[in-house]
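In each ligand, atom 1 is the first atom listed, and ligand 1 is the first ligand listed. As a basis for the values below, the full set of heavy atoms in this structure was taken, side chains included, without hydrogen atoms, waters or symmetry mates. Index from 1, following the sequence.
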Amino acid sequence: MNMNEPAQFIQTTLRGKLLFNEPMSRHSSWRVGGVAEKFYQPADLDDLRVFLKCLPSDEPLVVVGLGSNLLVRDGGIKGTVLLMHGALKELSMQEDGLIYVQAGVPGAKLARFAALHGLSGAEFFAGIPGTLGGMLAMNAGCYGGETWQNVVKVEVMTRKGELKVRTPDEYEIGYRSVKERALRIEDRGAGSRHTSPTGKVEDQGNSSILNPQCLELFVGAWLKFELGDGEVARRQIKELLSKRIASQPLNLPNAGSVFRNPPNDYAARLIEQCGLKGKKIGGAQVSEKHANFIVNEGGASAKDIEDLIGMVRETVEKQTGVLLHTEVRIIGEYEKHE
Ligand SMILES: Cc1cc2nc3c(=O)[nH]c(=O)nc-3n(C[C@H](O)[C@H](O)[C@H](O)COP(=O)(O)OP(=O)(O)OC[C@H]3O[C@@H](n4cnc5c(N)ncnc54)[C@H](O)[C@@H]3O)c2cc1C
């Protein structure tokens with residue numbers, strides 16, 4: 001089967017949604033980014049398996065959840081984007097007391113589900129506007145909670161569509177970082193740096209293209225939480241959301257914290273100290289409300305945002321000696337100018 005031929009796709013047994021030249025601005029919380037050559041939202045886990053079996057082994061593949069930690073460049077994505085949000089959405093209470101949650105389930109839904117079942121410890125998921133898959137890939141966390149603290153086992157799918165169950169000890173889990181010990185989930189390039197066509201120095205620790213040879217994507221997990229009081233958990237979720245509204249610029253498109261916190265310090269503190277709050281490039285602005293957020297004021301391009309990231313990083317390094325590393329994943333092609 002040739003995945004490049006739309007007609008042939010339609011004739012297969014695939015039940016998901018296949019799109020061509022899909023604007024990634026629709027799937028990224030910054031609301032920027034060029035098109036994905038091919039874009040597939042599977043109908044369910046079995047459909048995903050069939051899709052991956054059909055996909056040529058050398059096809060570049062990017063997995064996207066809610067795109068709340070992604071900057072897709074204006075030249076778009078060569079290859080295939082797999083959308084998990086709205087696709088893998090099973091969420092169930094198991095007989096052994098664990099919650100089984102599939103990769104496309106949003107954090108807020110998981111937090112409310114746990115509270116409904118009288119469990120505590122899942123409240124922090126409500127503050128993270130991503131899917132379980134994205135939270136596993138990032139080891140997302142806030143207010144003292146981190147995704148992998150609650151993981152008993154994960155369900156992964158290989159590029160060839162094989163399903164496997166893995167345990168946390170098979171991964172190196174750190175601050176906003178998860179690597180599979182034997183294979184590595186992503187080819188991150190270990191934080192090396194290069195100079196982009198824009199002349200800015202960048203991390204190469206941001207590639208989200210799954211290495212065609214050996215890599216796996218998260219499709220689900222079994223999570224464990226303590227027995228607690230559902231009413232208290234619901235109250236904590238409300239409080240946590242109010243805190244977020246008070247401290248984050250949630251009225252404008254953003255991708256949360258742009259930079260990781262350096263050891264024993266805060267990226268936001270350093271950025272503010274360097275007088276960068278409110279700095280703009282095109283439609284992108286360092287938020288006045290939270291210095292580690294960059295907001296799209298309207299009409300920003302991915303290049304505006306990436307250039308602003310570069311400017312912030314260079315200024316902070318020059319003024320404080322601290323090199324900030326991006327937490328957001330930057331992917332895709334630079335826009336070509338004739
Ligand atoms: C307002 C706001 C507040 C935020 N606050 C926080 C916070 O408090 N703490 C925090 O940690 N983050 C925070 N974030 C960032 C973001 O929500 C998290 O990183 C989240 O985990 C991303 O999930 P996602 O589904 O959107 O992933 P995406 O942004 O779609 O993808 C992120 C990365 O995960 C990979 N990925 C996604 N799904 C899978 C999968 N199924 N298998 C393998 N890899 C996958 C992608 O390829 C990509 O590399 C915030 C973002 C916003 C916009």
Side-chain angles (χ1 to χ4, degrees), residues 24 27-31 33 42 45 48 52 60-72 77 79-88 101-110 123-148 154-159 166 171 175-180 184-188 205-211 215-221 240-241 243-245 247-261 268 287 289-290 292-296 326-332:
M24 286 305 293
H27 306 283
S28 124
S29 60
W30 253 321
R31 300 282 169 252
L45 197 54
L48 174 62
L52 287 173
L61 180 67
V62 179
V63 194
V64 172
L66 270 157
S68 61
N69 201 49
L70 274 189
L71 178 61
V72 181
I77 295 176
T80 296
V81 167
L82 254 182
L83 182 71
M84 295 301 206
H85 179 234
L88 304 186
V101 50
Q102 284 192 335
V105 173
K109 198 165 180 190
L110 170 61
E123 300 82 358
F124 77 93
F125 283 111
I128 303 169
T131 59
L132 190 265
M135 294 189 293
L136 286 170
M138 296 300 304
N139 192 22
C142 58
Y143 301 116
E146 264 187 345
T147 304
W148 280 82
V154 288
E155 199 173 25
V156 297
M157 199 171 266
T158 66
R159 273 289 307 238
R166 296 195 179 278
Y171 298 89
Y175 165 60
R176 304 293 173 265
S177 144
V178 178
K179 291 173 199 157
E180 217 242 311
R184 288 169 61 89
I185 284 284
E186 283 167 280
D187 186 12
R188 290 189 173 87
N206 271 319
S207 168
S208 282
I209 312 286
L210 293 181
N211 177 326
L215 297 159
E216 303 173 343
L217 47 135
F218 294 113
V219 294
L240 185 151
L241 292 177
K243 266 194 210 165
R244 299 230 127 185
I245 292 166
S247 61
Q248 298 180 351
L250 302 183
N251 56 332
L252 290 171
N254 69 78
S257 295
V258 171
F259 296 100
R260 295 152 192 255
N261 287 324
S287 168
K289 198 165 182 181
H290 190 311
N292 199 15
F293 277 50
I294 288 180
V295 293
N296 177 357
T326 47
E327 181 171 322
V328 291
R329 301 274 171 96
I330 303 172
I331 61 173

Quick check against the 3.5 Å criterion: does [X] have a side-chain atom that pairs as donor or acceptor with the backbone of [Y]?
X	Y	answer
Thr80	Leu61	no
Arg159	Leu217	no
Asn296	Trp30	yes
Ser287	Val295	no

Proximal atoms of ligand 1 relative to [X] (non-hydrogen, under 4.0 Å):
X	value
Leu66	24 (P), 25 (O), 26 (O), 30 (O)
Thr131	23 (O), 24 (P), 25 (O)
Met135	21 (O)
Leu217	42 (N)
Val64	30 (O)
Ala140	10 (C), 11 (O), 21 (O)
Cys142	8 (O)
Asn254	1 (C), 2 (C), 52 (C), 53 (C)

Proximity winner for [atom], if only heavy atoms of [options] are counted:
atom	options	answer
atom 32 (C) of ligand 1	Leu252, Asn69, Leu250, Val81	Asn69
atom 5 (N) of ligand 1	Glu216, Glu327, Arg244, His27	Arg244
atom 28 (P) of ligand 1	Pro249, Gly145, Gly67, Gly220	Gly67
atom 35 (C) of ligand 1	Pro253, Ala255, Ala137	Ala137
atom 7 (C) of ligand 1	Gly127, Ala87, Gly141	Gly141

| message | How about NZ on Lys289, more than 12 heavy atoms from neighbouring residues, nucleotides or ligands closer than 6.0 Å, or not? | response |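 Buried by this count: over 12 neighbours within 6.0 Å.
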Do any nitrogen or oxygen atoms of [X] lie less than 3.5 angstrom from nitrogen or oxygen atoms of ligand 1?
X	value
Ala103	no
Gly256	no
Gln248	no

Heavy-atom check, side chain of [X] versus side chain of [Y], under 4.5 Å:
X	Y	answer
Met138	Arg329	yes
Cys142	Ile128	yes
Met135	Glu146	no
Leu82	Pro42	yes
Asn139	Tyr175	no

| Under-4.0 Å heavy-atom contact with ligand 1, by part of Arg176 that carries it | side chain
| field | Heavy-atom gap Val63 to ligand 1 smaller than 4.0 Å | value |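 Yes; Val63 lies near enough to ligand 1 that a heavy-atom distance drops under 4.0 Å.
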| query | Closest approach of Phe293 and Pro249, non-hydrogen atoms and distance? | reply |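 Looking at all heavy atoms of both residues, the closest pair is CD2-CD, 3.4 Å.
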